[in-house]
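Have a look at the structure below, then the notes.
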Number of protein chains: 2
Amino acid sequence: MKNDESLVKVRTKSVRKNQIRLSNERRILAAAVKIFAGFGYQGATTRKIAEEAGIPKANLHYYFQTKEQLYRRVLDGIFKDWLAAANTFDECVEPIEALRGYIETKMELSRKRPLESRIWAEEILRGAPLIQHELEVTLSAWLDTRVKRITDWINAGRIDALNPRILMFMIWAVTQHFADFESQIRALNQQQNLSDNQFKEAKQQVTRIILKGIGALD
Amino acid sequence: MKNDESLVKVRTKSVRKNQIRLSNERRILAAAVKIFAGFGYQGATTRKIAEEAGIPKANLHYYFQTKEQLYRRVLDGIFKDWLAAANTFDECVEPIEALRGYIETKMELSRKRPLESRIWAEEILRGAPLIQHELEVTLSAWLDTRVKRITDWINAGRIDALNPRILMFMIWAVTQHFADFESQIRALNQQQNLSDNQFKEAKQQVTRIILKGIGALD
DNA sequence: GTTAATCTTGACCAAACGGTCAAGATTATT
DNA sequence: AATAATCTTGACCGTTTGGTCAAGATTAAC
């Protein structure tokens, strides 16, 4: 009883307080994504992030004690999106539909959330100092599951014999390239970002070359 | 006569002096590649670079006045390798041999010079602040030339109809992925870098999927 | 209206940064 | 041997960094 009462009180209080807390955390995290993506972990300063969020730096440190803690929270969010992108892959039975859907989802992620892709890329570039363990455990297990499905397709003769891991690396490389190397693509496209039509064409061509390349088409 | 004499003198002096200068510049540049690749432009400090080169920081600044100047020199070297990698592409007439050779060369670059690839990738990630102009002029012209050759192959029915630029982006993405995302690949490969045999397999699979995917193989 | 949390903020700090400088060591020329 | 050029270096400097702190503002509960 007593415990229940105090729990209710705590919860009531938490709901309101959490509104302020959650709202501020969201603002800070959104600002952090922008600044980390634009300047890298070292180049990003807590001053810049606080300024982007429209709050004093000391207030930022009230919600996130250290820059590294804030960065970890950003990375966690990105990692979740990364894994969730495989839903289509898992739902479809046919290799063509599963891979087409996965490539499509990853391409759309690059199109709509390029900042997150760049933060991820920079973390890996630096040797994944903060997410190495997550890669070795969670992502590794995630990959194993998908490798098994691809292996089944190979054994059923639905696609060519190949190394499933390398296929996944190729898909990651190509799809994320459109986010990570956006500035290079822009410089080679008359200083214009890819238009919606150009991006659609890229998506279709990438899908077709990979699917045809692994013997899933024709 | 007088001019000739003084020229000879200048040259004689320069040869010896340049030995010291060139030798030190090389040491510093080699150290800079390591540190820039490992920590990024902002994370790299002139102290770390000087320490890696085994010289006092003040001596580094004698040869390269600013960190940015040093970084530009590193980028210039990388850019030259980037462009030179297309030699095979240009020398071969057949699409299969030209593309196979280019993919092979780019894969070997990723294998043998991953640090340079990562420095390039980080510069692009940050929006190419220092090499934007080079991308828009030199790399753009470079790409145009290769696009024309690919277009000829398409018109001759040697490969499928496709957007040549997107094909080049795919090749860059996949080949450079093996250098830029090395730490991720390692984490997904029992914490081991790809062995020579694994890398050879990757090279072959990447080549086969792309060539087959564009209709160059049957 | 008092109390107790939580939130906000300007001022501040030690450490590290890129870069400078003057003085000395080396090397080549006369 | 003297001179001039280049190379080397420890000490130093103004600025910026991530992070702290104490004092005040706000909010919720009794």
Side-chain angles (χ1 to χ4, degrees), chain A residues 2 4-29 31-32 35-36 38-74 129-130, chain B residues 2 4-29 31-32 35-36 38-74 129-130:
Chain A
K2 258 187 178 175
D4 276 8
E5 268 178 31
S6 57
L7 254 180
V8 167
K9 282 176 190 169
V10 167
R11 272 182 193 154
T12 305
K13 192 174 67 183
S14 290
V15 166
R16 312 239 168 183
K17 281 295 173 192
N18 276 350
Q19 278 176 351
I20 296 179
R21 169 165 279 271
L22 287 177
S23 148
N24 281 337
E25 282 185 359
R26 260 197 298 271
R27 279 177 68 182
I28 295 169
L29 283 168
I35 302 300
F36 280 132
F39 300 92
Y41 178 73
Q42 297 284 351
T45 69
T46 53
R47 269 175 185 78
K48 277 183 200 157
I49 296 172
E51 193 181 346
E52 175 74 30
I55 60 170
K57 183 168 72 86
N59 202 8
L60 181 149
H61 276 97
Y62 172 74
Y63 286 103
F64 299 92
Q65 279 130 337
T66 68
K67 179 179 166 182
E68 184 182 318
Q69 261 177 47
L70 174 55
Y71 181 65
R72 280 186 190 275
R73 280 283 297 273
V74 170
L130 298 187
Chain B
K2 258 185 177 177
D4 274 10
E5 267 179 32
S6 56
L7 256 179
V8 167
K9 282 174 191 173
V10 167
R11 273 179 192 155
T12 305
K13 189 174 67 182
S14 291
V15 166
R16 312 236 169 185
K17 281 294 173 192
N18 277 351
Q19 279 176 350
I20 296 179
R21 170 164 278 272
L22 288 176
S23 148
N24 281 337
E25 282 186 359
R26 260 197 299 271
R27 280 178 67 182
I28 295 169
L29 283 168
I35 303 300
F36 280 131
F39 299 91
Y41 178 72
Q42 297 283 353
T45 68
T46 52
R47 270 175 184 78
K48 277 183 199 156
I49 296 172
E51 193 181 347
E52 175 75 31
I55 59 171
K57 182 169 72 85
N59 201 8
L60 181 149
H61 277 97
Y62 173 74
Y63 286 104
F64 298 92
Q65 278 131 339
T66 69
K67 180 180 164 181
E68 185 182 317
Q69 261 178 47
L70 175 55
Y71 180 63
R72 281 185 190 274
R73 280 283 297 271
V74 169
L130 297 186

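First the proteins, then the strands, lettered A, B, ... as listed; each starts at 1.
For the pair A:Lys48 NZ and D:dT16 C1', the interatomic distance rounds to 11 Å; values are reported in whole Å. The CD atom of A:Glu25 sits 11 Å away from the P atom of C:dT8 (whole-angstrom rounding). Separating the CD atom of A:Gln42 from the P atom of D:dT16 is a distance of 18 Å, rounded to the nearest angstrom. A:Ile49 places its CD1 atom 10 Å from the P atom of D:dG19, with the value rounded to the nearest Å. Regarding A:Phe64, its CZ atom lies at a distance of 15 Å from the P atom of D:dT20, rounded to whole Å. Rounded to whole angstrom, the span from the CG atom of A:Leu22 across to the C1' atom of C:dC7 amounts to 14 Å. Straight-line distance from the CD atom of B:Glu51 to the C1' atom of C:dC17: 15 Å, rounded to whole Å. Between the C1' atom of C:dA25 and the CG atom of B:Asn59 lies a distance of 12 Å, rounded to the nearest Å.
Between B:Tyr41 and B:Phe36, the angle of the ring planes stays under 30°, which puts this pair in the parallel group of the 30/60° scheme.
Distances from the side chain of B:Ile20 to the nucleotides D:dC7, C:dT9, D:dT9 place D:dC7 closest. Comparing C:dG18, D:dG19, D:dT20 by their nearest atom to the side chain of A:Lys67 picks out D:dG19. Nearest nucleotide to the side chain of B:His61, out of D:dC7, C:dG19, D:dT20: C:dG19. Relative to the side chain of B:Pro56, the nucleotides D:dG18, D:dG10, C:dT9 differ in distance, and D:dG10 lies closest. When the nucleotides D:dG10, C:dG10, C:dG19 are ranked by their closest atom to the side chain of B:Thr66, C:dG19 comes out on top.
At D:dC7, one or more side-chain N or O atoms of B:Arg21 fall inside 4.0 Å of OP1 or OP2 (strictly under the cut-off). For the OP1/OP2 pair of D:dT8 and a distance below 4.0 Å, the side-chain nitrogens and oxygens of B:Tyr62 include no atom meeting the criterion. Distances shown here put a side-chain N or O of A:Asn24 below 4.0 Å from the OP1 or OP2 atom of C:dT8.
Across the interface with DNA chain C, nearest-nucleotide mapping of A:Gly54 and A:Arg47 shows A:Gly54 to be the residue nearer the 5′ end. DNA chain D is contacted by both A:Gly43 and A:Ala58; A:Gly43 maps to the nucleotide lying nearer its 5′ end (nearest heavy atom per residue).
A:Ile35 and A:Ala44 get closest at one heavy-atom pair: CG2-CB, 3.6 Å. Shown here for B:Leu60 and B:Ala50, the closest heavy-atom pair between the two residues is CD1-N, 3.7 Å. Taking each heavy atom of A:Gln42 and A:Lys67 in turn, the nearest pair found is O-NZ, 3.6 Å. Listed here is the closest heavy atom pair of B:His61 and B:Gln65: CD2-O, 2.9 Å.
The base of C:dG19 sits within donor-acceptor range of the side chain of B:Lys57, with an N or O pair under 3.5 Å.
Backbone-only engagement by A:Ala44 is indicated by non-hydrogen atom pairs under 4.0 Å involving sugar-phosphate atoms exclusively.
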